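Heads up, the thing below is written out as structure tokens.
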Amino acid sequence: MKRVLIIYYTQSGQLKQIADSLAEPMIRDKNIAVDYYRIKPVEEYPFPWTSDEFFDCMPESVEKLSVELNLDDFPVDNDYDLVILSYQVWYLSPALPVTSFLRSDVAGAFFKGRKVITLLGVRNMWVMAQEYVKECLREHKAEPVGNIVLKDKAHNLVSVLTIIRWLMGGNKGPYNILPEAGVSENDIKDTSRFAGPIIKALNENHYDKLQEELLARGAVDLKYHLMQMEKNALRIFRIWAKLIRKKGEAGNIKRRLRVRLFKYYLLFVIFVVSPVASVVFVVKRCLLYPSAKRELLYYQGV
Ligand SMILES: Cc1cc2nc3c(=O)[nH]c(=O)nc-3n(C[C@H](O)[C@H](O)[C@H](O)COP(=O)(O)O)c2cc1C
């Protein structure tokens, strides 16, 4: 009997649906037992978010600070052949409850020697968060063996509009000319196509070719211009994070003015600067094709 643990954190339930779709063929296999563990912050984040709450969690997300979790029931001593860490990204960093989990002593004790597949449900910017997750896993002596990224396939600016409507209004569905927000229903259902190579690797206890096989099934569709924008944005987010945190901790009313300035700055960058930056990065990709390709291959791997 092989044992798999799916660790996840979700607000809207989208990531749980993605994980369920991936797990479904494993659950049907009578030689595999699948357990779930939902990361539980002591104080849950709101969903839908108010605008102030949404932007206020940027500094702590970017600085990878911890919030308090309730991990009392985490199956730290159980034997698992494979762990699937399902997470989403907040401000180009893992969501705060996920960072907190990765930095916890419980994670330190649990991950040593474990094989880990990361499963992401995001808008479209996740590369720097994944770098951080890999760093934490390596620190805990775990072995990242696979990565699957489910994202919003709409144009970058369209996905910003739909995600704002979803995360702040609670409505994911299509609206007028706008498509549904987040990962599409079809893509969620289709996540089960990645289970085959995972089951094979699990049964053979051989993971060397797993990411290659997942990539052949479209596990990571990475756009060079988005990746470059993300790298630049994270540098600037770090400066804003420091500036905002000088005024107080998360939720402190004294930092509200700076949080709101950050919000207008971000909207300006997304809607005015990023279309121009995209063109620049597309040209850069053509001019530096071999090194751009190497970079893409690196981030598609584990
Ligand atoms: C505060 C916040 C910040 C986010 N920042 C990003 C981001 O930087 N990149 C990205 O691709 N998605 C971002 N998202 C979208 C999430 O990664 C995720 O897809 C969405 O919140 C749905 O996740 P759920 O399964 O928890 O409902 C953000 C969401 C929230 C709530």
Side-chain angles (χ1 to χ4, degrees), residues 6-22 36 38-41 44-62 64-65 67 85-99 101 118-133 148-172 180-185 187-188 191 220-223 226-227 229-238 240-241 244 250-251 259 262-263 266-267 269-270 274 299:
I6 300 181
I7 303 172
Y8 70 98
Y9 172 73
T10 187
Q11 287 195 295
S12 72
Q14 174 182 272
L15 200 53
K16 174 71 167 40
Q17 284 179 293
I18 293 170
D20 283 344
S21 176
L22 180 66
Y36 282 89
R38 179 180 184 271
I39 298 171
K40 294 175 284 293
E44 290 285 355
Y45 284 87
F47 187 82
W49 298 71
T50 63
S51 168
D52 282 334
E53 285 164 334
F54 182 84
F55 291 98
D56 190 70
C57 78
M58 182 279 288
E60 285 68 28
S61 304
V62 167
K64 317 287 189 289
L65 299 178
V67 295
L85 176 64
S86 318
Y87 75 94
Q88 68 287 83
V89 172
W90 291 0
Y91 297 105
L92 315 175
S93 313
L96 267 168
V98 177
T99 297
F101 173 70
T118 40
L119 173 67
L120 286 73
V122 297
R123 187 177 71 85
N124 63 13
M125 291 196 181
W126 54 272
V127 164
M128 300 315 287
Q130 176 67 1
E131 281 304 288
Y132 180 76
V133 168
I148 301 168
V149 182
L150 276 287
K151 62 175 188 174
D152 187 331
K153 288 184 179 156
H155 182 276
N156 187 36
L157 299 186
V158 173
S159 69
V160 171
L161 293 176
T162 55
I163 208 166
I164 290 175
R165 183 167 178 271
W166 177 31
L167 299 183
M168 293 186 200
N171 197 338
K172 195 181 187 213
E180 79 184 296
V183 180
S184 73
E185 278 304 314
D187 284 351
I188 292 176
T191 310
V220 184
D221 168 30
L222 186 52
K223 300 275 180 279
L226 291 177
M227 183 183 80
M229 280 200 273
E230 185 183 336
K231 285 184 172 181
N232 288 301
L234 188 59
R235 266 183 238 131
I236 297 165
F237 282 8
R238 286 192 181 121
W240 275 100
I244 293 172
V259 169
F262 167 71
K263 165 174 135 179
L266 186 60
L267 292 174
V269 168
I270 290 173
S274 81
Y299 288 115

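Please read these numbers as outputs of a predicted model, since none were measured by experiment. For the single chain, residues carry numbers from 1 onward in sequence order. Atoms within each ligand, like the ligands themselves, are counted from 1 in listed order.
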Inset, instruction - Taking K16 for its side chain and Q14 for its backbone only, find out whether a donor-acceptor pair lies under 3.5 Å. - result: no

Legend entry - Side chain E230, main chain L92, donor-acceptor under 3.5 Å: no

Legend entry - For P46, all residues meeting side-chain contact (heavy atoms from CB on, under 4.5 Å), sequence neighbours excluded: W49, E53

Legend entry - CA sep, side-chain torsions, deciding dist, call: S93, K64, side chain to side chain contact (heavy atoms under 4.5 Å, CB included): CA-CA 7 Å; S93 313; K64 317 287 189 289; 3.2 Å; yes

Inset, instruction - Taking all heavy atoms of Y45 and all of L96, pick out the closest pair and write down the distance. - result: OH-CD1, 3.3 Å

Inset, instruction - Quick one: closest heavy-atom pair of S159 and R123, and the distance? - result: OG-NH1, 2.8 Å

For ligand 1, list all ligand N or O to protein N or O distances below 3.5 Å, rounded to 0.1 Å.
unit_1: ligand 1; atom_1: 5 (N); unit_2: V89; atom_2: O; d: 3.3
unit_1: ligand 1; atom_1: 5 (N); unit_2: Y91; atom_2: N; d: 3.0
unit_1: ligand 1; atom_1: 8 (O); unit_2: Y91; atom_2: N; d: 3.3
unit_1: ligand 1; atom_1: 8 (O); unit_2: L92; atom_2: N; d: 2.9
unit_1: ligand 1; atom_1: 9 (N); unit_2: M125; atom_2: O; d: 2.9
unit_1: ligand 1; atom_1: 11 (O); unit_2: R123; atom_2: N; d: 2.9
unit_1: ligand 1; atom_1: 11 (O); unit_2: N124; atom_2: N; d: 2.9
unit_1: ligand 1; atom_1: 11 (O); unit_2: M125; atom_2: N; d: 2.9
unit_1: ligand 1; atom_1: 11 (O); unit_2: M125; atom_2: O; d: 3.2
unit_1: ligand 1; atom_1: 12 (N); unit_2: R123; atom_2: N; d: 3.2
unit_1: ligand 1; atom_1: 14 (N); unit_2: V89; atom_2: O; d: 3.0
unit_1: ligand 1; atom_1: 17 (O); unit_2: V89; atom_2: N; d: 3.0
unit_1: ligand 1; atom_1: 17 (O); unit_2: V89; atom_2: O; d: 2.7
unit_1: ligand 1; atom_1: 19 (O); unit_2: G121; atom_2: O; d: 3.0
unit_1: ligand 1; atom_1: 25 (O); unit_2: T10; atom_2: OG1; d: 2.7
unit_1: ligand 1; atom_1: 25 (O); unit_2: L15; atom_2: N; d: 3.1
unit_1: ligand 1; atom_1: 26 (O); unit_2: T10; atom_2: OG1; d: 3.4
unit_1: ligand 1; atom_1: 26 (O); unit_2: Q11; atom_2: N; d: 2.8
unit_1: ligand 1; atom_1: 26 (O); unit_2: Q88; atom_2: NE2; d: 2.7
unit_1: ligand 1; atom_1: 27 (O); unit_2: S12; atom_2: N; d: 2.8
unit_1: ligand 1; atom_1: 27 (O); unit_2: S12; atom_2: OG; d: 2.4

